Peer 1: 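Please find one structure pasted underneath; my questions will follow.
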Number of protein chains: 2
Amino acid sequence: MKKKRPSIKDIAAELKTSVTTVSFVLNGKAKEMKISEEMTQKVLDYANKINYQPNQLAQGLRTGRSNIIVFMVEDISNYFFARIARIIEDIAYKKGYKVIFCSNENNDERSRDLLRLFKERQIDGYIIIPSPGIEKDIQNLMKEKIPVVLFDRYFPGLESHYVVIDNKDAAYNATLHLIKNKFKNIAFITIDTGQNQMLERLEGYKKAIHQYDLTENILAIPYRPDTVSYVKAIIRDYIMHHDMDAIFFATNYLTQSGLEAIKENFPHFLTELGLITFDDHEIFKIYSPSISAISQPRFEIAENLMRIMISLIENSNTPQNFNKVILKSTLFSRESTKF
Amino acid sequence: MKKKRPSIKDIAAELKTSVTTVSFVLNGKAKEMKISEEMTQKVLDYANKINYQPNQLAQGLRTGRSNIIVFMVEDISNYFFARIARIIEDIAYKKGYKVIFCSNENNDERSRDLLRLFKERQIDGYIIIPSPGIEKDIQNLMKEKIPVVLFDRYFPGLESHYVVIDNKDAAYNATLHLIKNKFKNIAFITIDTGQNQMLERLEGYKKAIHQYDLTENILAIPYRPDTVSYVKAIIRDYIMHHDMDAIFFATNYLTQSGLEAIKENFPHFLTELGLITFDDHEIFKIYSPSISAISQPRFEIAENLMRIMISLIENSNTPQNFNKVILKSTLFSRESTKF
DNA sequence: CTGAAAGCGCTTACAG
DNA sequence: CTGAAAGCGCTTACAG
């Protein structure tokens, strides 16, 4: 049953030529190496006929490349990241790369563990959502000439390739949307990490608020993973003690808990409140007639990430300028949502 | 900057011994090969000191193994699968394996494409949620002695390793739960695929219904991906023309659309209805005070999958009996839910 | 235009 | 107890 798969040597033997010739042809170097038209065809035809697949391990051992890309996100079970992963997967397979996903839980120690794990394992490149404190580690990767593209966040002090969205612009527009719909007391609920994408969202909110001479209303919740009930309690208390007619959740990590808190404690409130959630997650739209969602352009994000990554891998010798891609996101209101 | 990483040869040279000895020690065969205690220690210490990492490509080329496991699910962005993936990832890394995720979209053609893609790429083993028509392809993999473990579904006619949950039992208990809470007209909304896990859930429902002399109330919606509005319309019509005081959604693919349909068309109904959703997804619990969720034991599932997979890979020579693991799931009612 | 051969970093049968 | 050597399947400088 288990027949040995054909190697380049087998092809050479069958065609009474050398492995060199076969290898050149198969790698598209026939022209360059002046292999005869006839021989080239013969090799191509035969390889095709027996459905020759090169042994990637051997190729990798020889060339030092693995055709494996690591995609490190905060949590692969997060809806937004999972969607991106799905698209990246598709693009990668089309280009002959495999993708390994992993989750750093926004935790520096775990990020480092993972990087260490992959280190020296012939990973061709890394697409990373960096946890807050791994700037140095990213820098080290880059020093070793390993392709790295950051995503979702970046380090202002570090020159690197990255793909992010214009958070300030998105938050500004979303806040404007609320204001134009006559909401006046808009609360901004965020997580109290120093993460720059959160700060930018806050800035966007502030800009709109000041532009219309409204009052800031900010709740920054300390970051603690896995404590939904804790978040709910804080939000409940905040709502209880502040006047507001709209809420802007700066991340979908908060939206679910927040809406649940409202639903449990102020059910009547839910239908009146203006609501914005960051990171489009279809299900949130069901909660309230007036909720709007900021939707990040997933296809564009994935395409840009992979375009940069592949170009880095395949032109590792030619130095490149840093690719800094900043994409716009879209605000979906309930009416304009197509399911 | 870029220093060559140490190889076994370097260690041998440094220690004035041979690569053979080093290799034996590093592979834990020191005892077996009667390497002296002293030499063993020396090698271990030095390898440790320079943080030696074997080149997995070379290892793989030599041994024919890649330490890569493929985890093929229906859609990695589906919450349940993503959670499982997350756990599998953890276990795999601890054991020195890498995991490649991919999504077959429950589509046979795509499943085959993916299998073809990975074929001959030195994948050590496959964990697969099979799409309906790939029984033959699975069988072919198995014939080639490639470790395969099915998950979530299996083919009744195919002897294979699998990990599933007891769908009939879960559906039976959930229906019983409704009945005991005085619901009498319980609708069962499912997808009309021949998938055995759906049929088993239906059986469980029927068993409970008959046991209490109630009437069956079944809506089987034709499977079409990505047509939420279509599903919503069907469910709305069905509710309009049938009497019911409870609904059992056979898969979370339907729950969201179903609840939305109800919310839009019969809002008052939502708080009175008894509701069951298959596949625990926390957010669904927010919709209605009376919704209960069947929660599959994710850790147990992942642990069993990886246990079987690793044992298959590492004992590929010793034939094994087929591992058929059937796990029980839990019914979470709102009150008993801890966030 | 084409081929013989070295070498990537391992494992392991074989010989002492 | 330990070492020299073959070989996994490739790529590519080198030689003709």
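Source: prediction; values computed, not measured.
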Peer 1: Considering only NZ, NE, NH1 and NH2 on the basic side and carboxylate oxygens on the acidic side, decide whether Glu32(B) and Lys29(B) come within less than 4.0 Å.
Peer 2: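 Not counted as a salt bridge, because no side-chain N and carboxylate O are separated by less than 4.0 Å.
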Peer 1: Would you please name every residue forming a ring-ring contact (aromatic ring centres under 6.0 Å, His included) with Tyr52(B), sequence neighbours left out?
Peer 2: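 Applying ring-ring contact (aromatic ring centres under 6.0 Å, His included) to Tyr52(B) gives none.
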Peer 1: For residues 34-50 of chain B, which residue pairs pass the salt bridge (Lys or Arg N to Asp or Glu O under 4.0 Å) check, not counting sequence neighbours?
Peer 2: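 Qualifying pairs: none.
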Peer 1: Quick one: Lys16(B) NZ to dG3(D) P, roughly how many Å, whole number?
Peer 2: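 Computing the Lys16(B):NZ to dG3(D):P distance gives 12 Å.
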Peer 1: Listed in order of residue number, which residues of residues 43-51 of chain A have a non-hydrogen atom at under 4.0 Å from DNA chain C?
Peer 2: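 Going residue by residue through residues 43-51 of chain A, none turns out to have a heavy atom under 4.0 Å of DNA chain C.
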Peer 1: ring-ring contact (aromatic ring centres under 6.0 Å, His included) with Phe24(B): which residues, sequence neighbours excluded?
Peer 2: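 With neighbours one apart ignored, the set is empty.
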Peer 1: Would you kindly give the CD-to-P distance between Glu32(A) and dC1(C), to the nearest whole Å?
Peer 2: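 In whole Å, dC1(C) P and Glu32(A) CD are 15 Å from each other.
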Peer 1: Could you tell me which residues satisfy side-chain contact (heavy atoms from CB on, under 4.5 Å) with Val325(A), sequence neighbours excluded, listed by chain and number?
Peer 2: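 side-chain contact (heavy atoms from CB on, under 4.5 Å) list for Val325(A), sorted by chain: Val163(A), Asn304(A), Arg307(A), Ile308(A), Leu327(A).
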Peer 1: Kindly state each residue pair satisfying ring-ring contact (aromatic ring centres under 6.0 Å, His included) with at least one member in residues 28-47 of chain A, sequence neighbours excluded.
Peer 2: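 Those involving residues 28-47 of chain A do not exist here.
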Peer 1: Just jot down the ring-ring contact (aromatic ring centres under 6.0 Å, His included) partners of Phe71(A), sequence neighbours excluded, or say none.
Peer 2: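 Once residues adjacent in sequence are excluded, the partners of Phe71(A) under the ring-ring contact (aromatic ring centres under 6.0 Å, His included) criterion are Phe101(A).
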Peer 1: Scan residues 73-84 of chain B for pairs that pass salt bridge (Lys or Arg N to Asp or Glu O under 4.0 Å), counting only residues two or more places apart or in two chains.
Peer 2: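 For residues 73-84 of chain B: Asp75(A)-Arg83(B), Arg83(A)-Asp75(B), Arg86(A)-Asp75(B), Glu74(B)-Arg153(B).
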Peer 1: For Lys136(A), which residues count as a side-chain hydrogen bond (donor to acceptor under 3.5 Å, both in side chains) partner, sequence neighbours excluded?
Peer 2: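 For Lys136(A), no residue satisfies side-chain hydrogen bond (donor to acceptor under 3.5 Å, both in side chains) once neighbours in sequence are set aside.
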Peer 1: So which protein nitrogen or oxygen atoms get under 3.5 Å of nucleotides 11-13 of chain C's nitrogens or oxygens?
Peer 2:
from	atom 1	to	atom 2	distance (Å)
dT11(C)	OP1	Asn27(B)	OD1	3.4
dT11(C)	OP1	Asn27(B)	ND2	3.3
dT11(C)	OP1	Gln59(B)	NE2	3.2
dT11(C)	OP2	Ser23(B)	OG	2.8
dT11(C)	OP2	Asn27(B)	ND2	3.2
dT11(C)	O2	Arg62(B)	NH1	2.6
dT12(C)	OP2	Lys29(B)	NZ	2.9
dT12(C)	O4	Thr20(B)	OG1	3.4

Peer 1: Which dot-bracket string fits DNA chain D when only Watson-Crick or G-U wobble pairs with both atom distances under 3.5 Å count, crossing pairs get [ ], and | stands for a partner on a different strand?
Peer 2: |||.||||||||.|||
Peer 1: Does dG3(C) have OP1 or OP2 under 4.0 Å away from a side-chain N or O of Ser18(A)?
Peer 2: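 So the side chain of Ser18(A) is within the cut-off, an N or O lying under 4.0 Å from OP1 or OP2 of dG3(C).
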Peer 1: Return the set of residues passing ring-ring contact (aromatic ring centres under 6.0 Å, His included) with Phe299(B) (not counting sequence neighbours), or none when no residue passes.
Peer 2: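 By the ring-ring contact (aromatic ring centres under 6.0 Å, His included) rule, Phe299(B) matches no residue at all.
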